[in-house]
There are 4 protein chains.
Amino acid sequence: MNALSNTAFECCVTRVPMQHPGDMSGIERLFDQGAMAPETVIAILGKTEGNGCVNDFTRAYAVFALQVMLARRLKSTPEEVGERVAMVMSGGTEGGLSPHYIVFSVKPSAQRLENGQKAMAIGTAFTRSFLPEEVGRMTQVEATAAAVAQAMQQAGIASVDDVHYVQVKCPLLTSERIAEAHARGQAVATEDTYASMGLSRGASALGVGLALGEVDATRLSDAAIGQDLTLWSGRASASAGVELTRNEVIVMGNSEAWAGDSIIAHAVMEDGIDFPAVGRALRAAGLPIDGQLPESAANRLCAVLAKAEPARSGRIRGNRHIMWDDSDINATRHARALVGGVVAAAIGRTDLFISGGAEHQGPDGGGPIAVIARRA
Amino acid sequence: MNALSNTAFECCVTRVPMQHPGDMSGIERLFDQGAMAPETVIAILGKTEGNGCVNDFTRAYAVFALQVMLARRLKSTPEEVGERVAMVMSGGTEGGLSPHYIVFSVKPSAQRLENGQKAMAIGTAFTRSFLPEEVGRMTQVEATAAAVAQAMQQAGIASVDDVHYVQVKCPLLTSERIAEAHARGQAVATEDTYASMGLSRGASALGVGLALGEVDATRLSDAAIGQDLTLWSGRASASAGVELTRNEVIVMGNSEAWAGDSIIAHAVMEDGIDFPAVGRALRAAGLPIDGQLPESAANRLCAVLAKAEPARSGRIRGNRHIMWDDSDINATRHARALVGGVVAAAIGRTDLFISGGAEHQGPDGGGPIAVIARRA
Amino acid sequence: MNALSNTAFECCVTRVPMQHPGDMSGIERLFDQGAMAPETVIAILGKTEGNGCVNDFTRAYAVFALQVMLARRLKSTPEEVGERVAMVMSGGTEGGLSPHYIVFSVKPSAQRLENGQKAMAIGTAFTRSFLPEEVGRMTQVEATAAAVAQAMQQAGIASVDDVHYVQVKCPLLTSERIAEAHARGQAVATEDTYASMGLSRGASALGVGLALGEVDATRLSDAAIGQDLTLWSGRASASAGVELTRNEVIVMGNSEAWAGDSIIAHAVMEDGIDFPAVGRALRAAGLPIDGQLPESAANRLCAVLAKAEPARSGRIRGNRHIMWDDSDINATRHARALVGGVVAAAIGRTDLFISGGAEHQGPDGGGPIAVIARRA
Amino acid sequence: MNALSNTAFECCVTRVPMQHPGDMSGIERLFDQGAMAPETVIAILGKTEGNGCVNDFTRAYAVFALQVMLARRLKSTPEEVGERVAMVMSGGTEGGLSPHYIVFSVKPSAQRLENGQKAMAIGTAFTRSFLPEEVGRMTQVEATAAAVAQAMQQAGIASVDDVHYVQVKCPLLTSERIAEAHARGQAVATEDTYASMGLSRGASALGVGLALGEVDATRLSDAAIGQDLTLWSGRASASAGVELTRNEVIVMGNSEAWAGDSIIAHAVMEDGIDFPAVGRALRAAGLPIDGQLPESAANRLCAVLAKAEPARSGRIRGNRHIMWDDSDINATRHARALVGGVVAAAIGRTDLFISGGAEHQGPDGGGPIAVIARRA
């Protein structure tokens, strides 16, 4: 695919429910019914029902099942599918969230939109594999920024203002990886495996912010990662998983070079209960909301992508939350459940891609929310 | 207190944050500052930060700390305080919910409201102690209905239409109680002690529904309890505890016999994401909402009381939820987190009394929501 | 394979560590080094690091990864591998337990042992798929008993006294499966998904007990399953998983028809801290123990397979345990951690196949323990 | 009490089961039956059934219930009881561990033991309250060392060789306390509340090691705390709780100045499955063990006190453990369950005081184990 050629491309975004992390039946049905061709799939996001933390194997399981299934369809190998299709599984469907896949397919379109109108554009890029000691540090920030630029170019998005969502899948540190670094005499950013997820997400988000001009390069440093929360991207969404060692970047935006009726927009939630921000994102994507989204508009909604994060202050608008002090349920799990409820209140449905761990992704306690919709 | 005398009474509803389940500092400050007198306190509801399930000791801890504190203030004993002040702790502050107490105090008022205006009224009543074989069965339903009528009379609420929330604290079956029934040759409704909590809550809720004319008496039977979910009260909130063998009923409504500027209203959420119902409850209590409650209105909000329950169908508006299949986090915990998010989306704050276990309390997957507010 | 032919077979039991549920590297290394041929593998047991309860997807992930890997090696398909190799993943490595696979391979042997000496024998059989309403009921009991007999015959084990361990993998009920039965107007044994695991394991164990003559057929009934704990097998180990709908049976014992230096023995733990029973099982397998197993003997140990279950009485030798009352950690998780500690105390290592949920598998609170060792 | 006077004292150590964290019935029965006088109680240790982590309120609840009960018995106030009786609740009864109190009472004895024989001695001391920024740092180390020396003097233990167990209860950092320090411009040792428990325990243990000559003072520093695991005490047991801000120290040893038939001994477990070390501790306390403790010896056992900690290497004797990577169950919970199983294997009972978080308390992955027994 080369979006800069004369041929216009069209991005189709389809939500597919899943019964369990290895359930391929929904996507296979789309293939079998001819609604989508396997070879047009360029990215798959998924909300799987694990804990979204260190030992959440639902993500790797879903990725593996997708790769094996697509390899069979494409007469390829799982490894080749892994190279071809970006897959980002976000674990954790707390509260009322519903496990689902979001499949991004791209196909040539007869013609571009008229009058310089833009349609949704998408591009992907990968960094090289990181060593354990590079995770959560400036090396990861800079490599991510380079990958974002590369993905924008691939997507034919000329201006950073037209980028509305950048999904990054990034690695984490396990006890094994930490030991491997130690064996080579290298110190890692943290020896706490769970904390490594936050640092990896934070570094990735800062990389996005750097690429999009949202953060000041001179303020970035190893020390700032995970610490200086005034540095953030309003369009980054990073998700850490044990199943990879590199960063995988998916840039979504709008571009004149693309066709079709899909459009993407975003807003930034200032805190976990910023309901008005959800409304702003919906309206920016052309979906009128008055209380809850009316059915006519809901039918045009393709996907909601948002980040959730407990405020470090331990408070939401002055009232104490218990997310950080709960040793039975991880803080990100509480945060996803909360934001899932707030967004569902607006949308009226629960198959929402709410991803936890919003370090440097929106202001402390808040996060970006993107909406993909079809034009009326 | 006799609300039917010439003297009018005024009910004051005060939210008090808590730092931990034994934290009395907030309530003691109110006493010390003269904002409230200990002897006017008739009931305390609390959202404590336990798991809300079997081994949630935050509830008993909070009750014990409240009783010891009030005994000291009232120069009484914890046991006497227990007889005098109704205390209902609901465990679980998942998602963004904030632990807090809601203190109900009643004091004489100089005069009633003019022109037949109504103010918030509150009344309490107790059933007799139930035998183990009566718990979760029609005897409990009928005795609860009688207690609701008695509490209404005490509160001076003439019409069932003026009742907006009925909190019931009900017993459960322990192994000892079941054995005692067996020794007398009696069968109990269930031999599963955890399941008995649901049946006791369900029978209590149906008793409220019966008293308020919400359920058809001819459809009620032992077999219907816990099974026929089309029977429900839109104003009942039941909570089961091991420490009692009778039902304790707190009726809240509006009455001409009461004074002050507090008012209560309610609505019924059809499912866990029924945002419009939250808006209806707020507007019914005189709080204008457009998106999120504006600050001027939020300042007049005294308390929100709602029930949360996972839909037995395993779905919310057609999309699968994972609450019942999650063996790490109990289903009621997911449900509280979800409803907490939906209600916070409307209210803009998180100190909400969202309680789990809504058998026959609202439709399957939904539940009642009551709002107490001060007049503008 | 037909163990009754003139050719003797030899069973090789190999423990392989796993880094995560999809980690095939250990087994692939054995293949690559020629230590084992893929086509000789007839069964794989695994202890995976999920919660061992309803939403434990580590089991299905491991099975899928094994099938894909073996299919590649055998130039077959995952489905065919599933038909050929019995795979039983037991979720939950609480306490110090170490995730690992136990690979059972069978190859022809030059000659039988002399003087009627017996060597370890193994056989497998599958039941048909069960309908949801058959799970946890007599249909499952009887089908399992038939499968045990079939597997014994396959293994060439003539006497039930020579059977020392019968591993059964059995299905559970999910909300989806229950709804499917309801849609056909069928009632299931329980509507509680977690409880269905216990009933399925219990029915499977009673099926083993029936086949081995350990339980009286006249005392068996739907009502006895999960209730009459005086009925049990001292050699059954059942494990429930969401990934299958039939029972898969692996019978292990000793037989003159087999060759090689492996031997299996078992004992029954009377409760979770029955350390002497662990010693008896070790000694019966020819491993001398004095305190902790000495290194020379530990080197001859091939695998330990045991069941763990919380006593329903809520007590261990008179002292209260909290397993049943803990709403944060499931009871079986506590039980596995406990028994894992007790067995590790004897063995001095932690890669032990301790499986939770021992309903009708040993006495209440106890369970079978089998030891596979090489002769000195 | 002054153990150095001519009068000898006798320490009585009594295990008391608890039904829940507020259950005083067992201890009150001892008082009512005259088995123990309330005024002789100098310390109470308790294993309560919380999660043992940040939001474990069972500890504070138990302490509060004990203080209120003793205040009633002693015609005192809870606050005065708090000053008079050292109380250390350790949360977490994972695996098969049984919730219980260990009550230490001291009364004058008619005469000392003959021939310079020693009996169990006990002494207590408190540090001042720590500021949040002092927790987990050298200030806490040094204050703890001073308190140990003070408690030894009070107990009449002349030599550090006669000290066998030092229980320290220490504070942790909550979000609130961290914010308070930040408001004063102070940085804390960690902003991770859960991590603060480990640093506080570690600093406390190093304080014990410093006092007992087990660690080299010149190697101690803020940086070494929680990092240099080659520094450890083989007799320290530290437990962190949200309910206090100072360190409370209880020193236990043997002394000629004391009388009675109780004796204390200890050993150090090298890892979590060091069963032989358990045997050494038992034998050192005069309890013969062959496999499991015989009943005659078990009757003379008064208490077992041990620490549990996951090895940082992520391995136990080469096999991977999953404690650090489990985001559903905290690592210390796994470790307590494991060590509880190993110790129960030796003792044959489950009311064992196994406390989690053994930073600098024994070697990495291991920990001290102390046994209190009556002479034969």
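In what follows, chains carry the letters A, B, and so on, assigned in the order in which the sequence lines appear, proteins first and then strands, with residues in each chain numbered from 1.
Using a 4.5 Å cut-off between heavy atoms, C/Arg336 makes no contact with chain D at all. Residue contact with chain C, scored on non-hydrogen atoms closer than 4.5 Å, involves the backbone and the side chain of D/Ile316 alike. For a residue to count as touching a neighbouring chain, one of its non-hydrogen atoms must lie under 4.5 Å from one of that chain's; by this rule C/Asn51 does not touch chain D. At a 4.5 Å heavy-atom cutoff, C/Pro17 makes no contact with chain D through either its backbone or its side chain.
C/Arg317 places none of its side-chain heavy atoms less than 4.5 Å from the side chain of D/Thr350. Within the 4.5 Å cutoff, no side-chain heavy atoms of D/Asp326 are placed close to those of C/Glu49. Between C/Val342 and D/Val342 the shortest side-chain heavy-atom distance does not fall below 4.5 Å.
Options D/Gly279, D/Ala337, D/Ser98 differ in how many heavy-atom pairs under 4.5 Å they form with chain C, and the most are formed by D/Ser98. In terms of heavy-atom pairs under 4.5 angstrom with chain C, the leader among D/Ala346, D/Gly95, D/Gly291 is D/Gly95.
D/Arg320 CZ to C/His100 NE2: the interatomic distance, rounded to the nearest 0.5 Å, is 12.0 Å. Atom CD1 of D/Ile273 sits about 9.0 Å away from atom CZ of C/Arg349, to the nearest 0.5 Å. The CZ atom of D/Arg333 sits 6.5 Å away from the CG atom of C/Asp328 when rounded to the nearest 0.5 Å. With values rounded to the nearest 0.5 angstrom, D/Ile322 atom CD1 is found 15.0 Å from C/His20 atom NE2.
Contact record, C/Gly96 with D/Met323: CA-CE, 3.8 Å, taken as the closest heavy-atom pair.
With hydrogens and angles disregarded, no donor-acceptor distance shorter than 3.5 Å links the side chain of C/Glu94 to the backbone of D/Leu338.
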